[in-house]
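Quantities reported herein were computed from a predicted structural model and do not represent experimental measurements.
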Amino acid sequence: MITIKDKQFEIFISHQQIADKVAALATRLNADYQDKNPVLIVILNGAFIFAADLVRQLTFNHEIQFAKFSSYQGMETTGEVKELIGLSIDIKDRDVIIVEDIVDTGITMSEVLPTLQAKGAKTVEIAVLLMKPGKLRVPLNVKYCAMEIPNEFIVGYGLDYDGLGRNHKDIYVVKSEE
Ligand code: 5GP
Ligand code: MG
């Protein structure tokens with residue numbers, strides 16, 4: 001068990017289980033992108049560890065870019081997200097793979113997707129470490145998902161609670177308050 005600020009977390013997915021799932025996802029990407037040269041857009045901050053483990057198992061040519069988008073405010077979808085860190089290469093006519101840590105309501109990805117399509121990408125797919133299918137509120141096509149989890153708040157392996165906990169090798173789930 002670990003404590004971060006006011007909350008206690010217990011282990012939920014071990015680093016070995018994560019490694020197996022990331023390897024399986026890499027195998028799928030290797031099959032689908034063998035003869036392509038996609039741009040991987042890693043969404044900061046949360047996806048940095050997932051991306052580091054994933055790309056070291058990819059066998060096709062690819063470029064890596066990092067991007068950061070402002071999170072949505074409240075529950076309203078504006079259809080537009082602000083780029084806090086933008087792309088430094090042209091993605092026109094390129095195959096793009098968005099590398100994201102977790103899809104929860106799906107609102108963030110559903111806003112990032114059209115932003116990239118508007119830049120003229122040939123294809124845009126989402127590769128995500130974790131998904132909470134029970135919380136999805138918008139239609140979103142996530143082609144590559146390493147693991148599905150229930151509607152719980154998790155930390156570790158790049159994911160934070162209030163800025164902390166990204167360093168943990170395993171994924172932890174918040175302990176329900178008794
Ligand atoms: P969405 O727009 O899909 O609701 O939210 C996606 C973002 O919310 C993720 O990129 C992540 O930053 C954050 N998020 C959603 N669920 C969790 C969670 O269980 N733990 C952590 N640490 N962040 C989460
Ligand atoms: Mg994120």
With a 3.5 Å cut-off and no angle check, do the side chains of [X] and [Y] form a donor-acceptor pair?
X: Asp101; Y: Tyr157; result: no
X: Gln16; Y: Asp20; result: yes
X: Asp6; Y: Tyr161; result: yes
X: Tyr33; Y: Asn61; result: no

Partner residues of Pro150 under the side-chain contact (heavy atoms from CB on, under 4.5 Å) criterion, sequence neighbours left out: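 Pro150 satisfies side-chain contact (heavy atoms from CB on, under 4.5 Å) with Phe12, Glu152 once adjacent residues are dropped.
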[atom2] on [Y] to [atom1] on [X], rounded to 0.5 Å:
X: Ser88; Y: Phe66; atom1: OG; atom2: CZ; answer: 10.5 Å
X: Arg28; Y: Cys145; atom1: CZ; atom2: SG; answer: 8.5 Å
X: Gln17; Y: Met147; atom1: CD; atom2: CE; answer: 8.0 Å
X: Met131; Y: Ile149; atom1: CE; atom2: CD1; answer: 10.5 Å
X: His62; Y: Leu29; atom1: NE2; atom2: CG; answer: 10.0 Å
X: Ile102; Y: Lys132; atom1: CD1; atom2: NZ; answer: 4.5 Å

Quick check: do [X] and [Y] have side-chain heavy atoms less than 4.5 Å from each other?
X: Thr105; Y: Val138; result: no
X: Ile18; Y: Phe50; result: no
X: Ile43; Y: Phe69; result: yes
X: Val142; Y: Leu136; result: no
X: Ile2; Y: Tyr172; result: yes
X: Val112; Y: Ile98; result: yes
X: Gln65; Y: Val42; result: no
X: Lys175; Y: Met1; result: yes

Linking I/L/V/M/F/W/Y whenever their side-chain heavy atoms sit closer than 4.5 Å, directly or via other members, would [X] and [Y] fall into one cluster?
X: Val174; Y: Ile13; result: no
X: Val155; Y: Leu44; result: no
X: Phe60; Y: Ile64; result: yes
X: Leu164; Y: Ile49; result: no
X: Val173; Y: Phe153; result: no

Residue pair Thr59, Asn30: steps toward the side chain to side chain donor-acceptor pair (under 3.5 Å) verdict: CA-CA 6 Å; Thr59 54; Asn30 285 336; 3.3 Å; yes
Exceeds 12 heavy-atom contacts within 6.0 angstrom, atom NZ of Lys21: no
Qualifying residues under ring pair (Phe, Tyr, Trp, His ring centres under 6.0 Å), relative to His15, sequence neighbours excluded: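 Listed in chain order: nothing, the list is empty.
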So which atom in [X] and which in [Y] form the shortest heavy-atom distance, rounded to 0.1 Å?
X: Gly158; Y: Phe48; answer: CA-CE2, 4.0 Å
X: Gly156; Y: Ile171; answer: O-CG1, 4.3 Å
X: Leu87; Y: Ala67; answer: CD2-CB, 4.1 Å

What side-chain donor-acceptor pairs closer than 3.5 Å can you find for residues 117-130, not counting sequence neighbours?
from, atom 1, to, atom 2, distance (Å)
Lys119, NZ, Glu83, OE2, 3.0
Thr123, OG1, Asp95, OD1, 2.6

Check against side chain to side chain contact (heavy atoms under 4.5 Å, CB included), Asn37 and Arg94: CA-CA 8 Å; Asn37 176 20; Arg94 299 292 303 270; 3.7 Å; yes
Val22 and Gln57: CA distance, side-chain angles, deciding distance, side chain to side chain contact (heavy atoms under 4.5 Å, CB included) verdict: CA-CA 9 Å; Val22 172; Gln57 300 180 66; 3.9 Å; yes
